[in-house]
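To find a chain, count down the sequence lines: A is the first, B the second, and so on, and within it residues start at 1.
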Number of protein chains: 2
Amino acid sequence: MKNYTKRQKEIILAAIDLIAKNGIQELTIKKLSQKIGVVESALYRHFPKKQDILLGILAVFRENKEAILQAVQAESDVPLEQLRALFIKRFKYFSEHPAVASVIFAEDLFRNDSRLSQMVYEIMKTNQAAIIHLVENGQKRDDIRKDLPATQIAFILASALRLIVTQWRLAEYRFDLNEEGKKIWETLERMVKN
Amino acid sequence: MKNYTKRQKEIILAAIDLIAKNGIQELTIKKLSQKIGVVESALYRHFPKKQDILLGILAVFRENKEAILQAVQAESDVPLEQLRALFIKRFKYFSEHPAVASVIFAEDLFRNDSRLSQMVYEIMKTNQAAIIHLVENGQKRDDIRKDLPATQIAFILASALRLIVTQWRLAEYRFDLNEEGKKIWETLERMVKN
DNA sequence: ATATTGTGAGCGAACATTCACACACATATA
DNA sequence: TATATGTGTGTGAATGTTCGCTCACAATAT
């Protein structure tokens, strides 16, 4: 986000908001410019193509994932606690930024452009690698059971996180994500703990 | 699908194929009619609105889920084996019909229309209820651990299935879904087995 | 001969993008 | 200090394309 001007950030956040409302087809230059309060062509002073706005959205996601990961590692050095913190923090962030949650797991939005889908894939892989690493550390400390491959455990953790957020969004945010998320984490923890 | 004519089914399958290729924005009346081999307006002989084609797609999904569920229950009466069969059959079906896999978990495609999103929600809930029921039966027989709520176990099972299919699609079907799916199931089984 | 299915032209709306132009403000030059 | 030039940001009109959909008419099948 350091590479983006104030105005560009403003546009990116507005774009996320729009997409959250009704999917990617809600994001048109016209609607976006109206939300910002300028005329359509003014947006092209800040982004050469609409696509570049979408790239900006992905940059927000990546930055957020990295920030949470660092915070988690600073907070504790017990892998299982780090994993819990990772879950809790993610839910907290999504609760506070539903629009972001709305878009972050909707990979399909970016499927039609190779630059975009490549970036999605990269973010996903980085994130997964980080979780795998935490699980492996947990296994080394004998906190997490070793009879299951770390990659698979990490996969299952990530998949549950993802689905609960998806359902929360489909339910139009009608249940408390923090609460349900915590419950799911506790079940998962009991499944993988030694 | 009993309510649909031959031609309508043809159109629905072609529509699924198109969406699989590059997302929902690939599904236009023009492209669809070209794929079928008629002119655009001919489609309106079979469906009054584009939306109704999407409803047809959802009907295919629902029918498929119900069929698999019945087959699974006929095959065995041991819940854990039924669950395994459910997983394996789903992966097999998706392997053989990648286009369907491409669309079935992309709920966002239908977000902008209330009729569609309601149907998506209904299919999802029915499916989840069926899995919960199987898990509860497994717990009654002491095959599945009882210290975890059945709803949560079912949720975690479903989430893993969903994510592996999603990743398979994002990886452009480059890995063997049956194989990877089986591995994930085995890990899940070990997590929940008594 | 009646019902079903397909054709071709065309409609208005929405879309992303481009263009000439305007105005405020900062920086450089005389 | 006064003037000139550059930069950032906005406006309004216009472009070409694509979209879903309609309609009068024609071919085909039962």
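A:Ile53 comes within contact range of no nucleotide atom at all, as no heavy-atom separation falls under 4.0 Å. Here B:Leu27 lies in heavy-atom contact (under 4.0 Å) with sugar-phosphate atoms only. The residue B:Thr28 sits close only to the backbone: its heavy atoms come under 4.0 Å of sugar-phosphate atoms, none of a base.
In this entry the distance linking CG of A:Leu43 with P of D:dT11 reads 10 Å, nearest Å. Rounded to whole angstrom, the span from the CD atom of A:Glu40 across to the P atom of D:dG10 amounts to 14 Å. Taking atom NZ of B:Lys50 as the reference point, atom P of D:dG20 lies 4 Å away to the nearest angstrom. Distance, A:Glu26 CD to C:dA14 P: 13 Å, rounded to whole Å. Put simply, NE2 on B:His46 is 15 Å from P on D:dC21, counting in whole angstrom units. The separation between B:Lys31 atom NZ and D:dC21 atom C1' is 18 Å, rounded to whole Å. With rounding to whole Å, B:Ile29 atom CD1 is found 9 Å from D:dC21 atom C1'. Atom P of nucleotide C:dT5 and atom CZ of B:Phe47 are separated by 12 Å, given to the nearest angstrom.
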**OP:** Please report the C-alpha distance between B:Tyr121 and B:Phe110 in whole Å, then the side-chain angles of each, then the deciding distance to 0.1 Å, and finally whether the side-chain contact (heavy atoms from CB on, under 4.5 Å) criterion is met.
**Re:** CA-CA 10 Å; B:Tyr121 191 67; B:Phe110 308 104; over 6 Å; no

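Phosphate proximity of D:dT7 to A:Arg45: absent, as no side-chain N or O sits under 4.0 Å from OP1 or OP2.
The residue from A:Lys146, A:Lys140, A:Arg141 that alone fulfils the salt bridge (charged side-chain N to carboxylate O under 4.0 Å, His left out) condition with A:Asp143 is A:Arg141.
For D:dG12, the base has a donor-acceptor partner in the side chain of A:Ser41 [N/O atoms by modelled type, under 3.5 angstrom].
Transitive grouping of hydrophobic side chains (ILVMFWY, heavy atoms separated by less than 4.5 Å) keeps B:Leu161 and B:Ile132 in distinct clusters.
Side-chain atoms of B:Gln70 and B:Glu75 include no donor-acceptor pair closer than 3.5 Å.
Ring orientation note: the planes of B:Phe94 and B:Phe105 are nearly perpendicular, at an angle over 60° on the 30°/60° scale.
Along DNA chain D, the nucleotide closest to B:Gln25 and the one closest to A:Val39 are compared, and the more 5′ of them pairs with A:Val39.
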